[in-house]
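Every chain is numbered from 1 and lettered A, B, ... according to where its sequence line falls, protein lines coming before strand lines.
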Amino acid sequence: MITQIICALLYVIIAPFLGGLLAGIDRKITARMQGRIGPSIFQPFYDVAKLLNKQIMKINNMQYPFALCFLIFVVITGALFFGGADILLVFFTLTTAALFFILEAATTNSPFSVMGSEREIIQMLAYEPMMLLVAVGFYMANGTFSVAEIINAEYSSILRMPGLFIGFLYILTIKLRKSPFDLSTSHHAHQEVVKGITTELSGRMFAFVEIAHWYENVFLLGVIGLFIINASWWSIPLALVVIALCYFMEILIDNCSARVKWNLMFRSAWLVTLIFGVANIIILQYVLK
Amino acid sequence: MENIFAGLVLFPFLIALALVFVKTNTGRRITVYSGCGIIMAAVALFAGNTIFTGTTRTAFPSTHAIDMVMLCAEFAIMILVVVLSTKHKKHYCSLLSIAQTLLIAYIELTKPLHEPVAHVVSDRLSAVMCLIVGIIGCLICIYAVGYMRRYHEHHKEYADRRTFFFPMLFVFIGAMFGLVLSSNLIWIYFFWEITSVSSFLLIGYTKTKEAIKNSFRALWMNLLGGLAFAIGIGICVFKLDVYTLGDLVASTGDMAVLAVCLLGIAGLTKSAQLPFSRWLLGAMVAPTPTSALLHSATMVKAGVYLLIRLSPAMTGNYAGMIVSLIGGITFFVASMLAITHSDGKKILAYSTVSNLGLITACAGVGIEEGAWAGILLMIFHAVSKSMLFQGVGAIENTTGSRDIEDMHGLICKLPKLAVIMMIGIIGMFIAPFGMLVSKWAALKAYIDADNVILVCLLCFGSSTTLFYWAKWLGKVLTHVAGVKPMTDLTTNGQWVSMWIHAALGILLCALFPVISLLAIEPMLHEMFGSVNAHILTVEDMIIMVLMLFIIMVIPFISKILVKRFPYKPSLEYMSGINMGDNRKFDDAMHEDKKVFLAGWYMEDMFGERKLWIPSVAVSTAVIVIILIMAVGGAI
């Protein structure tokens with residue numbers, strides 16, 4: 001119990017630094033792939049520090065509390081996950097967090113922002129089934145929903161759930177808001193969505209949302225780790241290697257693909273869920289049990 | 001117990017009788033309010049006592065005289081149905097009604113009971129059902145007083161038949177009490193028929209062409225269920241020599257499975273599962289209190305109540321297969337169809353069908369975890385759905401529209417009603433609120449019942465559910481510049497009802513671990529004999545309650561935030577052509593064009609035109625094929 005609380009606290013303290021660094025490395029690698037030098041890997045911290053000191057421009061009074069709630073609930077999600085709680089509860093909490101993010105944008109009545117929030121709901125529609133199936137898969141493979149017990153299993157979960165792993169990587173692109181699935185927002189404001197769901201955020205509010213995304217990314221990579229980690233010590237460095245590889249792959253895909261239309265994203269995500277997710281669940285139920 | 005039963009069932013009928021003769025608004029208000037007060041107090045006392053002491057009371061061991069009165073009443077109902085059906089040339093309804101009434105009369109007259117059997121049994125499950133029917137049902141009646149007054153001020157084209165409307169509401173409540181407290185199958189059937197016919201009469205309230213068409217659709221579908229019920233009783237009595245629901249659940253063998261299948265199909269029709277969903281969707285032509293009553297406290301809950309009662313008898317047999325498969329399919333299909341509609345009441349109707357599918361599937365897996373989730377879902381759904389219907393009704397009375405596109409910016413127009421809608425909506429799908437907790441438990445139950453199909457249907461269905469609620473919530477909370485608050489026409493009685501619902505919804509979420517421990521786990525013990533530890537661990541429940549607390553403090557935090565960072569209005573980004581009031585932009589002809597934002601409905605992907613016929617075909621096939629297998633097994 002004590003270790004679990006310490007792990008959760010460590011996440012709360014360290015995750016923003018890891019997440020920020022990750023964003024910096026992401027920008028660096030992206031720049032190199034595009035033949036640019038790119039900013040320093042600490043650039044995201046400078047950006048957020050500057051945002052924190054800027055004046056807030058608000059459209060209405062509901063934006064700020066909702067943005068704050070998004071941050072709080074993302075932190076709770078990650079803390080529950082690294083604290084070893086029930087993985088279903090973790091995913092449900094993440095959904096609640098995402099809803100606050102959507103509401104923050106929906107309340108503005110600003111065209112780009114509302115479009116972003118609606119696209120974000122479409123994205124949730126696309127990734128939610130796979131996410132729940134991943135949780136179900138962990139239960140079927142290990143006999144428990146508890147993250148603390150899953151990491152102490154004899155074998156890595158991925159051995160029994162390779163299909164679910166592939167499916168999770170597919171929806172991870174949506175969750176990380178990477179191209180080709182960066183429908184709700186974009187890193188480059190000159191495109192048709194402008195900044196989508198984050199268009200009307202500024203100053204400290206925007207900084208909170210950025211920090212929330214850092215927390216969220218660390219949590220999501222943690223889920224990849226959960227596929228790998230088992231009771232042996234060597235599984236932890238192995239998990240880190242797999243996480244690094246997966247993240248590099250996400251950056252690569254981000255850089256060599258263009259944004260797709262929503263229906264392609266939605267259909268393909270459900271198709272992948274059916275082919276890899278559902279099939280894996282059926283095999284777990286009838287073959288490996 | 002005899003007195004309690006007689007009181008609970010007959011008192012609403014007395015109020016109904018009184019309301020036939022009360023013609024003034026004031027008189028009606030006083031009668032309804034005092035009647036509802038008495039019913040709520042009585043139910044709370046009775047149910048509280050039953051739940052806390054855990055006593056199972058039985059009554060009416062031999063009841064020949066009452067049985068004969070009931071039989072006469074059944075014939076009276078049959079004559080009413082035949083007369084109305086003949087008048088509107090719907091002869092199939094007459095046939096269905098005559099067939100089942102004659103069958104029941106034959107059973108009643110040729111096979112009288114050999115030995116005394118308790119006709120009425122009240123245990124914890126009945127007590128919880130009484131609470132739902134009594135509290136939510138009465139609150140809806142209180143709401144209806146103010147609503148119907150406004151309704152007839154708005155709709156001069158419909159005849160004012162309130163002296164018919166209010167009695168029917170109370171007849172409904174009385175019949176529901178009878179249904180959940182009875183144990184004898186023929187008694188349950190009797191109250192079942194009363195609810196079918198009174199819902200038919202309530203749906204046809206406005207007497208428009210559409211209302212009459214939809215009311216007859218409700219009638220024939222429910223009569224079909226009634227026929228299945230009657231045949232089920234016939235099998236019980238003639239083949240199994242069983243007269244009560246409790247004994248049926250305890251009996252084994254292929255014949256018992258067939259009987260449970262038939263009763264299960266009756267339950268599916270009543271709870272508007274595919275392919276019988278159409279009647280509930282059509283029921284929205286009636287005034288909103290009718291919809292609220294049918295969708296939350298009464299009608300459809302009768303169906304799932306029966307299924308949950310039968311749940312221990314459905315473990316891994318044909319009956320369980322029918323009920324769980326139909327439930328799962330309905331949950332998923334109805335949640336997709338809900339996406340494509342913008343009519344608020346229609347979305348609510350689809351969401352009811354969808355959630356009932358979840359409860360049905362929980363009952364169908366036949367394990368105690370499933371029943372736990374099903375019962376919790378039933379409680380939370382009753383409160384949230386009743387509140388949402390009342391909210392939509394009040395909005396419609398004030399703004400004249402119930403389309404969710406017109407609810408854009410409701411928080412500016414009608415802030416109090418928007419808060420009601422918000423509490424109702426987040427209660428339906430977001431952690432840590434009740435429905436989500438129950439859905440979580442349902443998922444665990446499906447996995448433990450090794451039912452992969454249900455697991456997948458639930459995973460996909462949750463995402464579609466999320467879509468339509470999130471879209472609606474976003475609409476309600478949108479802050480539109482320059483919109484002035486409207487004069488709210490909602491009456492005090494309506495507010496009382498809605499705020500009590502809101503408080504109940506939040507309180508139930510905060511107290512659900514206690515409810516589970518005190519009421520539901522002992523209840524499952526009564527039904528299944530044994531209960532595996534806790535369904536959700538104590539830590540998880542505590543985390544949920546803490547999250548609820550965090551969400552509850554949000555309004556206060558935002559107050560402080562607003563104070564610390566005063567409102568500093570800035571213009572929305574409209575690519576630089578915002579006309580300066582956030583309402584208009586500069587179009588290509590340099591004229592002001594109003595900004596209009598609409599939601600997503602995705603007709604071509606999830607539309608009725610595409611999904612309805614295949615889903616009805618699949619669900620009908622499931623029922624017919626498995627039923628044939630069950631019949632084959634029994635013979």
Could you have a look at B/Ile543, B/Val595, B/Asn582, B/Ile557 and say which one has the most heavy-atom pairs with chain A under 4.5 angstrom? B/Ile543
Looking only at A/Ile121, A/Leu132, A/Asn109, most heavy-atom pairs under 4.5 Å shared with chain B are made by A/Asn109
Can you pull out every side chain to side chain donor-acceptor pair (under 3.5 Å) where at least one residue sits in residues 144-153 of chain A? Sequence neighbours excluded, please. A/Thr144-A/Glu149
Pick one of side chain, backbone, both or neither for B/Leu477, based on which atoms fall under 4.5 Å of a heavy atom in chain A. both
Evaluate side chain to side chain contact (heavy atoms under 4.5 Å, CB included) for A/Leu103 paired with B/Met422, printing each intermediate quantity in order. CA-CA 12 Å; A/Leu103 288 180; B/Met422 186 182 78; over 6 Å; no
Tell me which of these, A/Leu68, A/Leu88, A/Ile72, has more heavy-atom pairs under 4.5 Å with chain B than the rest. A/Leu88
Which region of B/Phe429, side chain (C-beta onward) or backbone (N, CA, C, O), has a non-hydrogen atom less than 4.5 Å from a non-hydrogen atom of chain A, or is it both or neither? side chain
Aromatic ring pairing B/Phe606/A/Trp270, orientation class (parallel under 30°, perpendicular over 60°, tilted between): tilted
Between atom CE of B/Met547 and atom CG of A/Leu89, what is the distance when rounded to the nearest 0.5 Å? 6.0 Å
With a 4.5 Å cut-off on heavy-atom pairs, point out which of B/Met602, B/Lys471, B/Met544 contacts chain A the most. B/Met602
Just give me the residue among A/Glu118, A/Arg267, A/Met140 that pairs up with chain B most often, heavy atom to heavy atom, under 4.5 Å. A/Glu118
Interatomic distance, A/Met62 atom CE to B/Ile554 atom CD1 [nearest 0.5 angstrom]: 13.0 Å
Quick one: what part of B/Ile453 sits under 4.5 Å from any heavy atom of chain A, side chain, backbone, both or neither? neither
Listed partners of A/Ile6 passing side chain to side chain contact (heavy atoms under 4.5 Å, CB included), at least two apart: A/Ile2, A/Leu10
Going by heavy atoms in the side chains, are B/Ile550 and A/Ile76 under 4.5 Å from each other? yes
For atom CZ of A/Phe66, decide whether the heavy atoms of other residues, nucleotides or ligands shown that lie under 6.0 angstrom number more than 12. yes
B/Trp600 vs A/Leu125, side chain to side chain contact (heavy atoms under 4.5 Å, CB included): CA-CA, chis, key distance, verdict: CA-CA 12 Å; B/Trp600 288 48; A/Leu125 180 65; over 6 Å; no
If I take atom CZ from residue A/Phe100 and atom CD1 from residue B/Ile430, how far apart are they, to the nearest 0.5 angstrom? 7.5 Å
Which bit of B/Leu597 is near chain A, if near means a heavy-atom gap under 4.5 Å: side chain, backbone, both or neither? side chain
For B/Thr465, is it the side chain, the backbone, both or neither that has a heavy atom under 4.5 Å from a heavy atom of chain A? neither
So the salt bridge (Lys or Arg N to Asp or Glu O under 4.0 Å) pairs with at least one residue in residues 98-113 of chain A (sequence neighbours excluded) are none
Step through the shown structure and confirm whether more than 12 heavy atoms of other residues, nucleotides or ligands are within 6.0 Å of CZ on A/Arg119. yes
Residue selection (most heavy-atom pairs with chain A, distance under 4.5 Å) from B/Val437, B/Val452, B/Thr478: B/Thr478
Output the option from A/Ile282, A/Val136, A/Thr273, A/Asn263 having the highest count of non-hydrogen pairs under 4.5 Å with chain B. A/Val136
Is a side-chain N or O of A/Glu200 found less than 3.5 angstrom from the main chain of B/Tyr573, in a donor-acceptor match? yes
In Å and rounded to the nearest 0.5 Å, what is the CG to CG distance from A/Leu133 to B/Leu443? 9.0 Å
Assert top hit (heavy-atom pairs under 4.5 Å, partner chain B, pool A/Ser113, A/Ala106, A/Ser110) equals A/Ser110
4.5 Å side-chain heavy-atom contact, B/Phe433 and A/Thr96: no
Side chains of A/Tyr139 and B/Asp448: any donor to acceptor distance under 3.5 Å? yes
Which atoms form the tightest heavy-atom contact between A/Pro111 and B/Glu572, and what is the distance? CD-OE1, 4.3 Å
Looking only at A/Val278, A/Ile281, A/Thr93, A/Ile122, the option with the highest number of non-hydrogen pairs under 4.5 Å against chain B is A/Ile122
Residues of residues 406-415 of chain B within contact distance of chain A, non-hydrogen under 4.5 Å: B/His408, B/Ile411
